[in-house]
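The structure under discussion appears below in the form of structure tokens.
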Amino acid sequence: MKKTMIAAAAAAAALALNGAVATAGEVKVGSAAAVTGPIAELVVAIVNARNLAATHVNEQGGLLGGDTYTLVPGDSQCDPKAAVDAGAKLVNVEQVVAIIGANCSGATNGMAQSVSIPAGVVMLSDTATAPSISELDDNDLVFRVATSDDLHGRTLAQRAWDHGYRKLAVTYATDDYNSGFAEVFAAAFTALGGTITGNEAHEPNKASYRAELATLAGAEPDGLVLFAYYGSSGITILRNSLENALFGKFLGADGMMDNSVIEQIGADNLRGNIMLSQPASATGSPPYEAFAAAFEATGNAPDAPFVAHSYDVSFLAALAIEKAGSADRGAISAALREVANAPGTVILPGEWAKAKAAIAAGEDINYEGASGPIEFDEKGDVTGTYTLNGVGDDGTWTPVM
Amino acid sequence: MEQQLYGIFLYGVFLLTMGGIYAVLTLGLNIQWGFTGLFNAGVAGFFAIGAYTTAIVTSAASERHLGGYGLPVAAGLVAAMVASAVIAWGVGRICIRLRADYLAIATLGIAEIFRLVLKNEVWATNGPRGISLIPKPFEHLPEPWNQVGMLLLVFAVVAVLYVLLERARRSPWGRVMAAIRENEAAARAAGKDVERLRIEAFVLGAALMGLGGALMAHHIKFIEPNAAEPVSATFLVWVMLVIGGAANNRGAVFGAILIWTIWSTAEILSARLPPEWAVKSAYLRIFLVGLALQIILQRFPGGIFRERRFRTAPSSSTREQPP
Amino acid sequence: MIEFLNFYLIPGLVLGSIYALGAIGVTLTFGILRFANFAHGETMTLGAFIALSLATFTGWHPFAVLPIAMALTALAVLGMDRLFFRPLRHGSTIILVIASFGLMLMVRSLVQLVWGAQLRSFGQGIDLPWVLFDALRIFPKHVTIVCAALVLMLAVHLLLSRTRAGKAMRAMADSPDLARLTGIDTERVIVTTWIVGAGLAAAAGVFLAYDTHVESQLGFKLLLPIFAAALLGGIGRPYGAMAGGLVIGLVEELSTYPWIGSEALVPPGYKTGVAFAIMVAILIWRPSGLFRGRVF
């Protein structure tokens, strides 16, 4: 009995290690995502977007001398313990050149501090928005294209004010993304002269929020600012509010931007009543449309939360490796700034062949991403551009002025 | 190739560090369940208290959360054990009389309430955003010594705990505990203060769980409420203890490292699937872990290591597991 | 006052009847098989997804496919019992708890493999309520959920009080040794227990999915309040579980009512904690539950 178990374990280990050795003609980048865990429903599209960038690279000549660009999955589970474990495997067993991910801010923070920074591996995050990521002592190894909540919260408050809102109620899910966002928003909106009539947390994943909403609606605000992920509480709150005529107007952010919101609540019920702020290049702008068309062709919705960022980090990691000229971990950080920041030949999502030719010709390039222009500052952060979306006549998310 | 081997060595260091931290938790649970028969399903609660205590005591000052006293790691570890012990004493005072399954559900509920407090009391814990920049011992050494140093620290803790707990098991105190577990009425009749002894075991076990949580916080340098969710911080520890062998310290350590190895390495296998499976491979990995559990349970229904009985104990030949 | 009915009491009743259905299964397995089944939440998820597939395939109303979904879920659970619980039945109960934990992981990942992690729902758009007396807002879907739950509870009552199988179940929950002595076929009772528990769990899953939406962690998120409900009612007491479910559902909702002043009594962030707090309090002051269940 014991022998068979040992034999089975040895066989499994041999198989794993055998696969782990990079085959010739392959460049590996770790793709850490919270595939299981509390935000599992969001992450499917995020992974698809990252894979799309890899497909673009591989279809248009591959990396370096024609090597395959391989994304190795790691499951960060939205839990820093799991993220450290996943990171240790990506960095050490898989020997990845860089890591994209790891989704939740906490998981990203743990993986960066405990694994990738000590190992000198660049980490490029698509979704971590917590301000604490900027404060890491990271030897210039941690980058993100997701904008810090600070900026986004203040921008949303200003937009709400500009749209004539003066009295607002706020509810937020108790997770790292939404709670920080709500705090910044409430402070900024009050500073503008607005009134926050109630600012309440809600525990995600409950079957009904009627009671909380009724309490918030009691102060008769102009609308509800809803910081939530659409799946774990956002849709339920919208439904409860509309069905019971508690709230009619909603403001929110990209955690709510998903087609399923419109599908489930109905476009007619939302049109003119909801505005969501999304940190992405405006729909209609060339970088966004380049990505959106390609992503839609694969059967995915381009306006799902964070997918534009996810495509960008995957594409940027490839650009940086190409620029560095080798799959050498140490060269990625500097190369990343060169390919992302102006000036240079403008590269849009999907334009791998053009980028490859430009790099080969020794030109400087400047990637303009689906999520924004992407200019990394000294902390590795970007300044976002935000688009305010509502439900358009065709029943999709459409920018509003 | 050399780089590859070095990488596998480093991963081994990470694997054993994490396995060792789980071993501390499992040893703590073994005091409660294995030796005394206390069904504590709130491991995550004491884990969280330990982790947050050390985070508050050892991290640098910050306006986002309470404390930030910048004390040395050793002080953090001690504070974590003390904090967990004090809270466990309070919980124990209220709950210790409950029978096995009821105690389990009560502790499970209490741990969830702790987690809600960590999420909602933002002024003290920074809420769901957690506490960052927790110092890690030996982190300023060059690689691989930073990671190896952490591993050695964890192993030293496990070794010291193992020796102390083995001694405690054989001591009169350990025998009284086993007596309470086997036959509470008899222990009571023999004049033992059963309730007090049970609280002692509960507090001691919880202190070790707090220590485990603190080591985890230093290892991952970050703590947030999600890190104390029940699946990976309570149930997984139970799986480790039951599969390793309850009431056997060697089993507790072995079970922790075995189950953590299965939990972690399953991903190396599932990551081998083609990219279309990038999402599904993660689900498949959890499925494989569940299946491995079932197989081990059916092969070793009494745990891999059986309890070692005292030589003086009457040799009742077939003994069931703890109550 | 009318707000209290619309937004606190009625949602509490709907949630409570869903909890109640789930809690019956938990209390029966706990009473008869003697272990806390962590895979019970996943049974609900499985039932909801099976019903979703059937409803999509046939185009019928979810309640029309509910009996088939309940039967299929029960069949799946019987298969799980055969593979994972029966071999361990004569060991200690903690082994069964751990096995149910392993099963929980397996079923959830299977559901994710088959149906994916994304949200799905039975219907689209929003329902507008019937407004009675210009004030009381009643949703058709809530009426159907509560009525269907009552029908199922009545069925459980008839099963337990009128049939041989039901009486055998009650006898076994009261005293397994005595039941065995009187010649009750324990394996058969166990099979009935699984069928009843799984069928009701599937129904609870479908009701919740019908009220909100379905995704792979639907059942897991209900697991702890359902444990609390089962415990509140007293272990092995199906009627207690029904009452316990209603109480937990109601208390969760009512706790956020501004009873004193204009602020919610319990901050909504702590809403889930209320169920646990009640559970702990019951355990300490009345460990047999409201309905005098077994105390092990």
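Protein chains get the first letters and strands the later ones, always in sequence-line order, with residue 1 at the start of each.
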Problem set entry | Side chain / backbone / both / neither for V231(B) at chain C, heavy atoms under 4.5 Å | both

For this session: Sort R97(B) into side chain, backbone, both or neither according to what part of it lies under 4.5 angstrom from a heavy atom of chain C.
Result: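 Answer is side chain: those atoms of R97(B) sit under 4.5 Å from chain C.
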
Which answer fits [X], side chain, backbone, both or neither, if we ask what part of it has an atom under 4.5 Å from a heavy atom of chain B?
{"X": "L113(C)", "answer": "both"}
{"X": "L224(C)", "answer": "side chain"}
{"X": "L103(C)", "answer": "both"}
{"X": "F35(C)", "answer": "neither"}
{"X": "T272(C)", "answer": "both"}
{"X": "A99(C)", "answer": "both"}
{"X": "A117(C)", "answer": "both"}
{"X": "A277(C)", "answer": "both"}

To the nearest 0.5 angstrom, please state how far the [atom1] atom of [X] sits from the [atom2] atom of [Y].
{"X": "L110(C)", "Y": "Y283(B)", "atom1": "CG", "atom2": "OH", "value": "12.5 Å"}
{"X": "L105(C)", "Y": "Q294(B)", "atom1": "CG", "atom2": "CD", "value": "9.0 Å"}
{"X": "F227(C)", "Y": "L108(B)", "atom1": "CZ", "atom2": "CG", "value": "8.0 Å"}
{"X": "K271(C)", "Y": "L116(B)", "atom1": "NZ", "atom2": "CG", "value": "12.5 Å"}
{"X": "I296(B)", "Y": "I98(C)", "atom1": "CD1", "atom2": "CD1", "value": "12.0 Å"}
{"X": "R115(B)", "Y": "F276(C)", "atom1": "CZ", "atom2": "CZ", "value": "9.0 Å"}

If you look at every heavy atom in [X] and [Y], which pair is closest and at what distance?
{"X": "I105(B)", "Y": "M279(C)", "value": "O-CE, 3.2 Å"}
{"X": "L236(B)", "Y": "F101(C)", "value": "N-CZ, 4.3 Å"}
{"X": "Y270(C)", "Y": "V117(B)", "value": "OH-CA, 3.5 Å"}

For this session: Go through I113(B), L293(B), L284(B) and name the one with the most non-hydrogen pairs under 4.5 angstrom from chain C.
Result: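 Looking at each option in turn, the highest pair count goes to I113(B).
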
For this session: Between chain C and each of V289(B), L288(B), I286(B), count heavy-atom pairs under 4.5 Å; write down the option with the most.
Result: I286(B)

Exercise. Looking at G269(C), G116(C), A281(C), which has the largest count of heavy-atom pairs under 4.5 Å with chain B?
Worked result: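 Of the options given, most contacts go to G269(C).
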
Problem set entry | Minimum side-chain heavy-atom gap V97(C)-W238(B) below 4.5 Å |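 Sidechains of W238(B) and V97(C): no contact.
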
Problem set entry | Side chain Q298(B), main chain P87(C), donor-acceptor under 3.5 Å | no

